[in-house]
Amino acid sequence: VKVCDEHILRLRDLVHIKQSYHAIARPDCAAGDDPQNYALTNFFCTEMSPTPAVGGLPLDGARRFIAAAEPFDRGLYAAPCGVVSAKSSELVVAIRS
């Protein structure tokens, strides 16, 4: 897994550090519809979500702080969204507004 693009994204009222990641699964893991072939996509969904912009860092500490400090459940606030197949995946962060 490598960061292939990192830049500042300036919006009207805020600024994001935007990063794009690129990874290639081993050739012996890239064919067929075996659920094992989705390991790389699962890694991005479980280990890199929520992003620091949504949840904070370090992730475990941020989750504990949010659970203790907020008097409500955020519900499905942000999540990876995109196209997943046995051959490739493209995911972005979707944020509920």
Side-chain angles (χ1 to χ4, degrees):
V1 177
K2 73 174 193 169
V3 176
C4 59
D5 177 38
E6 183 175 60
H7 64 275
I8 302 294
L9 177 62
R10 296 180 191 281
L11 302 174
R12 190 180 82 203
D13 296 322
L14 53 111
V15 176
H16 286 286
I17 298 173
K18 183 179 178 199
Q19 292 180 323
S20 298
Y21 296 87
H22 183 79
I24 298 174
R26 296 187 321 264
D28 60 325
C29 294
D33 285 329
D34 184 343
Q36 184 70 19
N37 297 333
Y38 298 106
L40 193 55
T41 299
N42 287 337
F43 166 78
F44 275 99
C45 291
T46 59
E47 300 301 320
M48 300 185 78
S49 179
T51 68
V54 172
L57 281 177
L59 187 55
D60 289 336
R63 285 179 174 162
R64 284 192 301 273
F65 173 80
I66 290 168
E70 292 184 349
F72 54 88
D73 183 359
R74 287 185 179 201
L76 298 174
Y77 179 76
C81 181
V83 177
V84 176
S85 76
K87 294 190 179 194
S88 68
S89 299
E90 185 169 339
L91 301 169
V92 298
V93 178
I95 300 175
R96 181 185 77 208
S97 58

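Distance check, rounded to the nearest 0.5 Å: CG of Asp5 to CD of Gln19 gives 9.0 Å. Atom CZ of Phe72 is separated from atom CD1 of Ile66 by 9.5 Å, given to the nearest 0.5 angstrom.
Around atom CD of Glu90, no more than 12 heavy atoms belonging to other residues, nucleotides or ligands sit under 6.0 Å away.
Taking hydrophobic clusters as Ile, Leu, Val, Met, Phe, Trp and Tyr residues chained together by side-chain heavy-atom distances below 4.5 Å, Tyr21 shares a cluster with Leu91. Tracing side-chain contacts under 4.5 Å through hydrophobic residues (I, L, V, M, F, W, Y), one reaches Leu14 starting from Leu9; they form part of the same cluster.
For the pair Ala94 and Cys81, the tightest heavy-atom approach, listed with the atom from each and the gap, is CB-CB, 3.7 Å.
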